[in-house]
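All remarks here apply to the structure that follows.
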Amino acid sequence: MLDKIKHMLAEVEALQAATAEEAEALRVKYLSKKGDITALMNDFRSVPADMKKQVGIAINELKNRATERINELKASFATTDTDTDGIDITRTAYPIPLGTRHPLTIVRNEIIDIFSRLGFSLAEGPEVEDDWHVFSSMNFADDHPARDMQDTFFVESHPDIILRTHTSSVQARVMEHQQPPIRVICPGRVYRNEAISARAHCFFHQVEGLYIDRDVSFTDLKQVLLLFAKEMFGEDTRIRLRPSYFPFTEPSAEMDISCNICGGKGCGFCKHTGWVEILGCGMVDPNVLALNGIDPTQYKGYAFGMGVERITNLKYQVKDLRMFSENDLRFLQEFTAAN
């Protein structure tokens, strides 16, 4: 039997195949369940006991060498086919273009970066909130219009649970767990019960800021917002603050920037005023500090809030808010260079 194994080993060493099909036929001939080597292994039971060890070793070497040789033949055809066709079979079937960040994400990240360089840290909170963190802690009166179902989305089975209408709820959560100094920005998605149009949507994105410490003044607020406007819209940008009203700040103001389209000269975009509103701001009302566990006799603070869509409109001159949520690839691909 050793002679038979030796003869078959010589055959294996001399195996040749012109095609992958011939290589597969050789595998079947030698290594399949009915192949020649399998037949040898079946005859192993008739080998004398004193020869079993020697014959067993020889059969295993034969099988291993046959497997190696046939795999070598198959591999040579695979390499040849790939080289001949010029195809990399490890690549995907179709070219997949690289994506880009959403324009709102691009602007949101830029806003965060600017305020991070001014010392603000990032704070986030839940989008499904309770009435206290959204309204009561922010000094909203019980009969304030924002509490009406016409303005806010309420969870029907839990009338105290709502979709947050602003990210001020995150500020409330920060204040109730942290004592001053506090310097945070709160980006996130918010919801309001509004009809969807080119100028309004039922959900949008905000970035709000809060700074509380001793001896904080309105001058500090104005300087921070001026630096932000110059970083976001250019060094020549000017700002102006107009008196306004918000339940959670006193005094309150709305901030305009000089139109970045016409440079403040007046155009259709700024309605020929030279100014465009971008955010609301003010000094934190002492009632808000007290409601959230901070002593208003020791600390003061300022707060501001802006819509990311509004800033994106100004930066990229996108006039229809609906384009941000329609996932039109033609629109989104315009921002590849801004990524």
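If you read the sequence from its start, that first residue is 1, and numbering goes on from there. Predicted model only: the values in this text are computed from it and were never measured.
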**Study point:** Side-chain hydrophobic cluster, 4.5 Å single linkage: members besides Phe204
**Key:**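 Once heavy-atom contacts under 4.5 Å are chained together, Phe204 belongs with Val190.
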Check your understanding: Which other residues belong to the hydrophobic cluster containing Trp132, where Ile, Leu, Val, Met, Phe, Trp and Tyr are joined when side-chain heavy atoms lie under 4.5 Å apart, directly or via other members?
Key -> Leu291
Would you check if the side chain of [X] reaches a backbone N or O of [Y] as a donor-acceptor pair within less than 3.5 Å?
{"X": "Thr165", "Y": "Arg192", "result": "no"}
{"X": "His102", "Y": "Phe324", "result": "yes"}
{"X": "Arg164", "Y": "Pro126", "result": "yes"}
{"X": "Gln206", "Y": "Thr167", "result": "yes"}
{"X": "Ser244", "Y": "Glu254", "result": "no"}
{"X": "Thr312", "Y": "Val308", "result": "yes"}
{"X": "His177", "Y": "Arg173", "result": "yes"}

Check your understanding: What about the rings of Tyr191 and His205, do their centers lie closer together than 6.0 Å?
Key -> no
Review point. Looking at side-chain heavy atoms only, is the closest gap between Ile161 and Val128 below 4.5 Å?
Key: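 When only atoms from C-beta onward are counted, Val128 and Ile161 do touch, with a gap below 4.5 Å.
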Exercise for review: Check whether any side-chain heavy atom of Phe246 sits under 4.5 Å from a side-chain heavy atom of Met138, and report yes or no.
Suggested key: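 SC-SC contact between Phe246 and Met138 ruled out.
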Answer yes or no: are there more than 12 heavy-atom neighbours, outside [X] itself, under 6.0 Å from its atom [atom1]?
{"X": "Gln54", "atom1": "CD", "value": "no"}
{"X": "Asp160", "atom1": "CG", "value": "yes"}
{"X": "Lys222", "atom1": "NZ", "value": "no"}

Check your understanding: Taking the six-membered ring for Trp, are Phe120 and Tyr211 parallel (under 30°), tilted (30 to 60°) or perpendicular (over 60°)?
Key -> perpendicular
Review point. Taking the six-membered ring for Trp, are Phe335 and Tyr316 parallel (under 30°), tilted (30 to 60°) or perpendicular (over 60°)?
Key: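 Ring orientation of Phe335 relative to Tyr316: perpendicular.
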Exercise for review: Would you please test Glu208 and Ser168 for side chain to side chain donor-acceptor pair (under 3.5 Å) and show each step?
Suggested key: CA-CA 7 Å; Glu208 296 194 23; Ser168 300; 2.6 Å; yes
Looking only at heavy atoms, what is the nearest atom pair of [X] and [Y], with distance?
{"X": "Ile5", "Y": "Ala58", "value": "CG2-O, 3.8 Å"}
{"X": "Ala66", "Y": "Leu31", "value": "CB-CD2, 4.1 Å"}
{"X": "Leu221", "Y": "Ala303", "value": "CD1-O, 4.3 Å"}
{"X": "Ala229", "Y": "Ile257", "value": "CB-CG2, 4.1 Å"}

Check your understanding: Honestly, is Arg214 close enough over Tyr299, meaning NZ or CZ under 6.0 Å from the six-membered ring centre and within 45° of the axis?
Key -> yes
Would you tabulate the side-chain donor-acceptor contacts of residues 103-115 under 3.5 Å, counting partners in other chains and residues two or more places apart, or write 'none'?
residue	atom	partner	partner atom	Å
Arg108	NH2	Glu124	OE2	3.4
Asn109	ND2	Thr105	O	3.4
Asp113	OD2	Arg117	NE	3.2
Asp113	OD2	Arg117	NH2	3.1

Practice item. With sequence neighbours left out, write down each residue that passes salt bridge (charged side-chain N to carboxylate O under 4.0 Å, His left out) with Lys29, or none if nothing qualifies. Key: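 Expected list: Asp36.
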Exercise for review: Begin from the C-alpha positions of Glu176 and His133 and carry the test side chain to side chain donor-acceptor pair (under 3.5 Å) through to its verdict.
Suggested key: CA-CA 10 Å; Glu176 70 182 7; His133 288 98; 3.1 Å; yes
Point to revise | Salt-bridge contact Glu24-Lys74 (side-chain N to carboxylate O under 4.0 Å) | key: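 Lys74 and Glu24: salt-bridged.
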Revision key, fill the gap. So side-chain hydrogen bond (donor to acceptor under 3.5 Å, both in side chains) across residues 61-71, not counting sequence neighbours, yields Glu13-Arg65, Arg65-Glu68, Arg69-Glu72
Result block: side-chain N/O donor-acceptor pairs under 3.5 angstrom for residues 264-284, not counting sequence neighbours:
residue	atom	partner	partner atom	Å
Thr273	OG1	Cys270	O	2.7
Thr273	OG1	Trp275	N	3.2
Thr273	OG1	Trp275	O	3.1

